[in-house]
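Here is the structure we will look at, set down as C-alpha cells.
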Amino acid sequence: MIQLKFSYKNALNFVGKQDIFKYQEAIDSHFLAIRERTGRGNDFLGWTDLPSAIDEALIGKIEAAAIRFREKSEVSVVVGIGGSYLGARAVIEALSPHFNLLKKKAGNPVMLFAGNNISEDYLAELLQVLDEKEYTLTVISKSGTTTEPALAFRLLRDHMEKKYGKAATKQRIIAITDKEKGALKQLADEEGYETFVVPDDVGGRYSVLTPVGLLPIAIAGFDIRKLLKGAQNMAAFSATSSKIDVNPVATYAAVRNALYTKGKTTEIMVNYEPRLFYFTEWWKQLYGESEGKENKGIFPAGVSNTTDLHSMGQYIQEGMRNLFETVLSVEQSQHELRIPDDEANLDKLNYIAGKRINEVNHMAELGTTLAHVDGGVPNLKVNIPEISENTLGEAIYFYEMACAVSGYLLGINPFDQPGVEAYKRNMFALLGKPGFEKETEAIRRKL
Ligand code: PA5
C-alpha cells in the first residue's frame, strides 16, 4: 500500500466531477502508451522502471563510493544544474537538519552545490570555504558540456589539484555522465576518476532515482534503498489501475487539466515545512520543463508557508484569479515542541499554551486553504504522513508519473526541452564561442 493520499474536494467549487472524469478514456490510453512506450518522447521513458530495475550491483557501488567520500569529507560539493542538480538537492534538504551545526553533529558532511549559477561571488566564496575544509566533489552532467557546471568544475578541479596534488585529487572526484560521449566522460577517463552513468533513456528532470540523485543523497548520509522502496511502492500501485477514482496519479493529472481548461493557468505548490523548499524547486522544473511548450502549459510556481503568507499571501487571496494551489501536506513533525505557558501573557499566546507547534502549523494550513478557496483559488492536497526517504520516494514517482500523463493530456511531448537552447545560443554568440560567428554578427546588430 502507498502512504501518499490525494484530495481534490476543495477544487469542486470550481470544476465539476464531469469535468474531471471526462479524461478517463484519454488517461487509460496514456497509461498504456507509457507502459508500452508508444507515446511522444518514448525514448525517454527509462525512469518508469527505475525504482525496481536498478540492480543490486549498482546500488552497492553507489553505497561504497558514498562511504569512501564520507570518510574524506567535511564538505562534499555537488556540481550540476537543472535535472542534474535539483533532485539530489530536493531530497537532501528535505531529510537534513535545518542548520549546518546540527548536520555536523550528526556526522554527515555538509553538502554544498555549485555549477547551478554563473555568479563570480558565489564561486569565489565557495573556494574560500574549501580552502579550509576537507572536501570531495561529484560532478554531474549528462551532456558533459553544459556551461555552468563545466565552469564551476574547471575552477574546483584547479583548486583541488593545488590543495591536494593531482594524484590525491583522483580519489576525491566522481563524475556522473553519459556512458561513452561528451567532454566530461573523456576528461574522467583521462584523469582516472570513478564514474557513474546517466542512462540514455532518462532525461535530466526524471533522473533523481539514477546515480545522478542517488550518489549525492547517499554521500549526505541517507538511505537510498528506502527511497527506492517508496518509489517502487508507488510504481507498483500505479500499475494496478489508471482509474481517476483509484489512482492518485490519474486523479492529479485529470484535476489539474480540468482546472487549466477553466482558466487556472498557474499552479502554486505550497509547503508548510521549510525542508521542502527544494522539493518545490524540483517539482517546478519537472512540470515547467515538461509542459511549457507549444504555447501551452500550466505555469508552476511555489510558496513556502507560513513565510510567504506574509509576502505572496495578498496576491493569492485577491490577485488575478488564474491560480490554483497544490499543498504538499505533512502530518507528523520529527520533533515534539510545546508552547510554554507564560504568566505575564503579554503576547496573548496563553490560549495555545501546551499545544504542539505542529498543531498550530496545521491550523494555519487549514485556515489558509479555506480562505484561499473562499477567495477563488481551488486547492488540491497531496498528503504524506511524514518526511522520510520512503515517503519522498513515493512522492517523486507520483509527481513524475502524473507529469507524464498530464503532459500527454495537454497534447505535448513531456520529455523534451527544445526551448532551453535559445539563451545558450545568444550567450555563446555574445561570448564569441568558435562556431557561432554568424550568430555573433547577428546579435551584435541587434544590440
Ligand atoms: O532536465 C534537463 O534536461 C535539464 O535540466 C538538464 O538536466 C540540465 O540542463 C543539465 O544538463 P546536463 O546534465 O547535460 O549538464
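Ligands are counted one by one from 1 in listed order, and the atoms in each one are counted from 1 as well. The chain is numbered in sequence order, starting from 1.
- At a 4.0 Å heavy-atom cut-off, the residues surrounding ligand 1 are Ile81, Gly82, Gly83, Ser84, Ser141, Lys142, Ser143, Thr146, Gly204, Arg205, Gln285, Glu289, Gln417, listed by chain and number.
- Cation-pi geometry between Arg256 and Tyr252 is satisfied (NZ or CZ under 6.0 Å from the ring centre, within 45° of the ring normal).
- Screening Glu134, Gln171, His159 for a side-chain hydrogen bond (donor to acceptor under 3.5 Å, both in side chains) with Tyr164, the sole residue that qualifies is Glu134.
- Contact check on Arg37 versus Asp49 returns a salt bridge, with a Lys/Arg side-chain nitrogen under 4.0 Å from an Asp/Glu carboxylate oxygen.
- A salt bridge is absent between Lys433 and Glu439; no separation between the charged side-chain nitrogens and carboxylate oxygens falls under 4.0 Å.
- Applying the salt bridge (charged side-chain N to carboxylate O under 4.0 Å, His left out) test to Asp43 and every residue at least two apart in sequence or in another chain returns nothing.
- Looking at Phe44 and Asp201, their side chains never come closer than 4.5 Å, going by heavy atoms from C-beta outward.
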